Structure formats: C-alpha cells, structure tokens
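Chain identifiers are assigned alphabetically (A, B, ...) following the order of the sequence lines, protein sequences preceding nucleic acid strands; residue numbering begins at 1 within each chain. These numbers come from a predicted model, not from an experiment.
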There are 2 protein chains.
Amino acid sequence: MATGRTHRPATRSRGIPEATVARLPLYLRALTALSERSVPTVSSEELAAAAGVNSAKLRKDFSYLGSYGTRGVGYDVEYLVYQISRELGLTQDWPVVIVGIGNLGAALANYGGFASRGFRIAALIDADPAMTGKMVAGLPLRHTDELESIIEDNGVSIGVIATPAGAAQQVCNRLVEAGVTSILNFAPTVLTVPDGVDVRKVDLSIELQILAFHEQRKAGEEADLAQPDTDAPAAPPAATARTVPAEKRRPEPGSDGDIPAVMPA
Amino acid sequence: MATGRTHRPATRSRGIPEATVARLPLYLRALTALSERSVPTVSSEELAAAAGVNSAKLRKDFSYLGSYGTRGVGYDVEYLVYQISRELGLTQDWPVVIVGIGNLGAALANYGGFASRGFRIAALIDADPAMTGKMVAGLPLRHTDELESIIEDNGVSIGVIATPAGAAQQVCNRLVEAGVTSILNFAPTVLTVPDGVDVRKVDLSIELQILAFHEQRKAGEEADLAQPDTDAPAAPPAATARTVPAEKRRPEPGSDGDIPAVMPA
DNA sequence: ATGCCTTTGTGAACGCGTGCACAAAGACGG
DNA sequence: CCGTCTTTGTGCACGCGTTCACAAAGGCAT
C-alpha cells in the first residue's frame, strides 16, 4: 500500500468513510469493465469478486452513497458508474500539473490512466533549463519559473510531485502558495503542508521494504519448524546487558551477515 | 494511498502490527538522514516530527521491536537503524525482477531507491521480442520466455509487475508458479493469488481519484455556505421514481455537465 | 548518594473498519 | 393477487489502531 493520507484522522467527509472513498475507484473500474461488455446489472457478490473485496463491505460502501440497488436483482451498472463518478468528482475536468520530469515524471506523463478519468495534464514542469521546451508525451516542458502563472492561468488545484527528495518540499510550498490544495507525492520525503491541503504519497521503496518484511517472516517461519526462536541473532537487548549508551550495540558485522545497506534514499 | 494489502485481515505477523510495519521504512529513512548528519541520539518527539507521525505512536511502534531507547535520553540512531533494517529484512540481499518494461517499468529500473536498500534487480523482463537485448538502466532486457529460468536461477522471491492491465494476471500466475511469493503490482487490476503470496498494489490513477474526491468536497463546502444541499443535481433516486430498472436514470447529459469519462483504464 | 528533570514504555479508553447474519424489499411465475 | 426466491441494506459485535496520560527509569548536577 503506497498510500497514506497526511493529517486529518480519517475524518469521514460528508458521511462517507475514508476507507470507502479509497475503494470507490476500485468499484468504478470493475463497473466500467462490465459496462464495456454491456452487462446491464450486477449483484453485490459478483461485483465484489471482481473488485477483490467482501460483498458485505461493498454493499455497506454503496449504502453510504444511497440506496442504488434493487433487491432481488442487483445494481444497474450504468447508473452506478455514473453515481460513483459523480461522487468522486470525475464528472468534471481536473487540470493537473506534474513537477519534475525525470524518468518517473515522464512515465507519469505518458500514463494513460490519468487522461482517461477526467484528469487533464495542464503542464509538465521541470527545473532544468536545458529541458525547457522539449516535448514529452506531446507536451512541451515548462520551466519552474512559470509554475505560479501556469497554476493560476489554468485553475490547477491538483499537483503531482516527481522531483528528487531534496526539491520536493520547496516545490510543494510553491504549489500550495499558488493555490494547489491536493498533492500526490512521489518523492521519498515527508511533506509538510498547511491545513486544508491533502497530501497522498506513493513511495516505491517503502512498498518493497514491506514486502521484504513479510518475505523474511515467511522464510523465518520455515526455519522455526526446525529451530524455534532463532530470532535474536546478535542483539538481545537484555536491559542489564546494555548500560553503556554511547557504545551500546553496534551493528557488529557478523552473525547476521553484512551491514544493512544504509544510503540516502 | 496507493496501498492496500490483499488477503489476510491485517494479521499481526510475529506480534508486529501491520500498521507498524508499514511505518518502519518511514522511520528508517528519517534515521538514515540523521545518521548521515552524525546525530548520535534522537528523542521520540524529534524523530516523530521528522517522520510525520505522533510521538506516542512512534514509541509504541518501537516497543513492538523491543526496548531500544534510553529514558531521559532517547534512541541511539545507529543502533536503531540497524535494528529496523534487520527487522525489515534489509540486512540481506533481495533479488527482484521487473516485468513489463514500458515507460513505468523503465522508470522503476532507473529508480535509485530500490538498489540503495538491499534490493537488487536480477532482471528486466518484457514480452516484446523486438525489445529483447536492449539495454535499460544498464541491464539487458530479457524475454518473457526466460521468466521461469531467471527466477529459479537467481532465487527471486519478489516480483514487480509493470505490464498493461491485460497481461498482469497471466504474468502474476507465472511468477507465482515459478516461486515468487511477494508481488508489487503497478498494473490497474485486481490480482488473484494463492494463499501465502503477498500482493501490494500501487495504483496511480486511484490516488488521483481519491484526491479529486476531497478536492470536490472542499469546493462543495464553500458552495454550501451560500446554497446548502446542492447535492442531488440530477439523480435523486426516490424509490418510487425509478421502477423501470432497464431504463432507470441514465447519465442524462446536461444539468451536471458532461458524461463521466468512462474509459478502459 | 540524593534529588530533580527528561524521556521512555505502556495501560486503558476510544473510534473506525470489517464481517456476520438476518430482516425487509422487490421481482417473477403461476 | 399471492407465494416464493433472490438480493439488498443494515444492526450488531468484534478487533485493530490510535491517542492520552502517567508511572517507571535513568541521566546528571550538586
């Protein structure tokens, strides 16, 4: 899960729980697929299977939007597509700027999933003057100097940050100052924003680290079958064993193998 | 939040809550930054601020790992970096394959955040024969035919899927069949996997849709100040008003504007 | 050695999210 | 018009996660 809202303790906006909102796009995608196959109606069971969730959860989610189903029949696909789209605000056009057109930024610019859902790339912005004017995904790169004017001229309220970590907060500040109130952050940094601004982050390396944890656990469980509690290989911090704070237990290369790959980010 | 574990109801693996695991990489990053600045110790308050979380939450998170702090002083940075790295399994090398080297796959291959944390790209795999052998990020593209042998030869247990949605499930099946037990999915599809396999998904368009929801809500709240309940513009499904299921309430272009951008994905 | 001051570690309460299980609602056939 | 059968919508209970608040622990100065 590369997600995680910043600020606001999962306030249910207008009665719709945050967790439900996060699933609506999932339902929408499944419904859209059904719509293309001209399927007229779906049961909660079918749709839940397609979206990979529990059917009771799905029904409860929809109940927050209203009573859009028909008992004994199911949900009208087209109608539901429209309702969810409207609820998510996809019936209107959202101009978006992408700041930082490196490998990732360029990939985002070329990503079809954005344009196809009512999101329109208003501009691609990069700080490198040498790149200015270059075409990416059919759009000319604009220089960071123009950031404020681009945002104001196009009424942009959503910004995507794909810069290196070091530049992210500065870019963020400028975006917010210029009027952006929603930010999708791909830079591996914690962004600080004023109240009223939503930040969602997508962190590729964090996702892998979480997978690594579970992967290690799986491997560990197998090992435990033969030798339980091989868990404290070289650092059992028995309260009494570490009274020297400055020299505590250093990584101590050995036993567990090599030193962790500690590097920037 | 481009996140979302599939399967398993947030089981706390080995006593460490899933939510805590998801934050450990965040702490690790903050600690690494401190380590580079040669800061010897941090208080939970400082570190929490750097990681963007509540300090009580951070302390509780660390308490699951053990008692690694010193009261009145704080946490030893180096020591904690090591402990978290070990807990996350970053003290070992994880070979990873990336399948689907389009814009996004190439960006991932070039992303430094992977290699720097103990993740080594074992191979880049693409289905297009014309691409085979081409160099990306210093590695030669391999053809999908080699997928199984690559995984077995390198002992790969983590796979990254960056293919189009249509190919994702097939690729997933082959990965799992070949021995991969953790998958990071960038394709906009729900993957079905057997028990014991972890899937995390990163979905760029879903993140934007969630932001759009909140953005719309913000705009709506302002409007409500002048005219409350401008909420049911064209579809108040009063149970009695819609008895014809097949013809229910069509998007009905008008009133709300245009038809939602319903498209593939 | 003693006392003060800082900071950790955690017990307990609260709230959100999930899933079960069922009653109500409606379609459909006779 | 009535009975049956399907599927929704939801009341309820449970469990995870978050947060508060505080006692215990240790450093440090005197």
Side-chain angles (χ1 to χ4, degrees), chain A residues 1 3-13 15-24 40-49 51-76 79-80 237 239-240 242-246 248, chain B residues 1 3-13 15-24 40-49 51-76 79-80 237-246 248:
Chain A
M1 171 151 84
T3 260
R5 303 179 68 243
T6 306
H7 240 231
R8 207 169 315 191
T11 300
R12 51 180 58 191
S13 330
I16 301 181
E18 188 59 27
T20 295
V21 172
R23 279 188 295 269
L24 290 182
T41 59
V42 265
S43 69
S44 63
E45 205 74 46
E46 292 169 313
L47 186 54
V53 303
N54 184 300
S55 69
K57 192 188 296 185
L58 178 143
R59 285 197 300 274
K60 182 151 290 192
D61 283 343
F62 285 172
S63 78
Y64 290 116
L65 308 183
S67 282
Y68 292 161
T70 306
R71 297 173 191 234
V73 176
Y75 298 92
D76 182 272
Y79 181 59
L80 206 47
T240 55
R242 40 183 275 276
T243 42
V244 188
K248 278 187 178 172
Chain B
M1 162 163 138
T3 258
R5 302 180 68 244
T6 307
H7 242 232
R8 207 170 315 190
T11 302
R12 51 179 58 190
S13 331
I16 301 182
E18 188 60 28
T20 295
V21 172
R23 279 188 295 267
L24 289 182
T41 60
V42 264
S43 68
S44 62
E45 205 73 47
E46 292 168 314
L47 187 54
V53 302
N54 184 300
S55 70
K57 190 187 296 185
L58 179 143
R59 287 197 299 275
K60 180 148 288 192
D61 282 343
F62 285 172
S63 77
Y64 291 115
L65 308 183
S67 282
Y68 293 160
T70 306
R71 295 173 192 236
V73 177
Y75 299 91
D76 182 274
Y79 182 59
L80 207 46
T240 55
R242 44 183 270 278
T243 41
V244 187
K248 276 187 178 175

B:E18 side chain: which of D:dC20, C:dT8, D:dG17 is closest? D:dG17
Using a distance-only criterion (donor-acceptor N/O pair, under 3.5 Å, no hydrogens), is the base of C:dT7 paired with the side chain of B:R71? no
For A:T20 and for B:G72, find the nucleotide of DNA chain C with the closest heavy atom, then tell me which residue's nucleotide is more 5'. B:G72
Expressed as a whole number of angstroms, how long is the span from A:L58:CG to C:dG17:C1'? 15 Å
How far does OG of A:S43 sit from CZ of A:R59, to the nearest 0.5 angstrom? 9.0 Å
When the distance from CG of B:D61 to P of D:dT19 is rounded to whole Å, what number comes out? 11 Å
Contact summary for A:Y64 and A:G15, nearest pair of heavy atoms: CD2-O, 3.7 Å
With the side chain of B:R23 defined as its heavy atoms from C-beta on, choose the nearest nucleotide among D:dT18, C:dA25, C:dT8. D:dT18
B:L65/B:L24 under side chain to side chain contact (heavy atoms under 4.5 Å, CB included): CA gap, chis, key distance, verdict: CA-CA 10 Å; B:L65 308 183; B:L24 289 182; 4.1 Å; yes
Nearest of D:dG17, C:dT10, D:dT10 to any side-chain atom of A:S63? D:dT10
For atom NZ of B:K57 and atom P of C:dT7, their distance in whole Å: 21 Å
Closest approach to the side chain of B:S43, judged atom by atom: which nucleotide of D:dG9, C:dT8, C:dG17 is it? C:dT8
Which heavy atom in B:S55 sits nearest to a heavy atom in B:A48, and how many Å separate them? CA-CB, 3.5 Å
Whole-Å gap separating P (C:dG26) and OH (A:Y68): 16 Å
Tell me whether the side-chain N/O atoms of A:S44 come closer than 4.0 Å to OP1 or OP2 in D:dT7. no
Nearest to the B:K60 side chain among C:dG19, C:dA12, D:dA21, which nucleotide is it? C:dA12
Separation of A:Y75 OH from A:T70 OG1 (nearest 0.5 Å): 9.5 Å
Rounded to the nearest 0.5 Å, what's the gap from CG on B:N54 to NZ on B:K60? Could you check? 11.0 Å
Under 4.0 Å between a side-chain N/O of A:Y75 and OP1 or OP2 of D:dG9, yes or no? yes
Just verifying a value: how many Å separate B:S44 OG and B:L47 CG, rounded to the nearest 0.5 Å? 8.0 Å
Using OP1 and OP2 only, check whether a side-chain N or O of B:N54 sits under 4.0 Å from D:dG17. no
Quick one: on DNA chain C, does A:A19 or A:A56 contact a more 5' nucleotide (nearest heavy atom)? A:A19
Let me know the distance between CZ of B:F62 and P of D:dG17, rounded to the nearest Å. 17 Å
Does the side chain of A:T70 get closer than 4.0 angstrom to OP1 or OP2 of C:dG26 through an N or O atom? no
Are B:Y68 and B:Y79 close enough that some pair of their side-chain heavy atoms sits under 4.5 Å apart? yes
How many Å lie between CZ on A:R59 and C1' on D:dG9, as a whole number? 8 Å
From CG of A:L65 across to C1' of D:dG9 the rounded distance in Å is 13 Å
Nearest-angstrom distance from the residue atom CD of B:E46 to P of C:dT8: 9 Å
Canonical and wobble pairing (Watson-Crick, G-U, under 3.5 Å) of DNA chain D, dot-bracket with |: ||||||||||||||||||||||||||||||
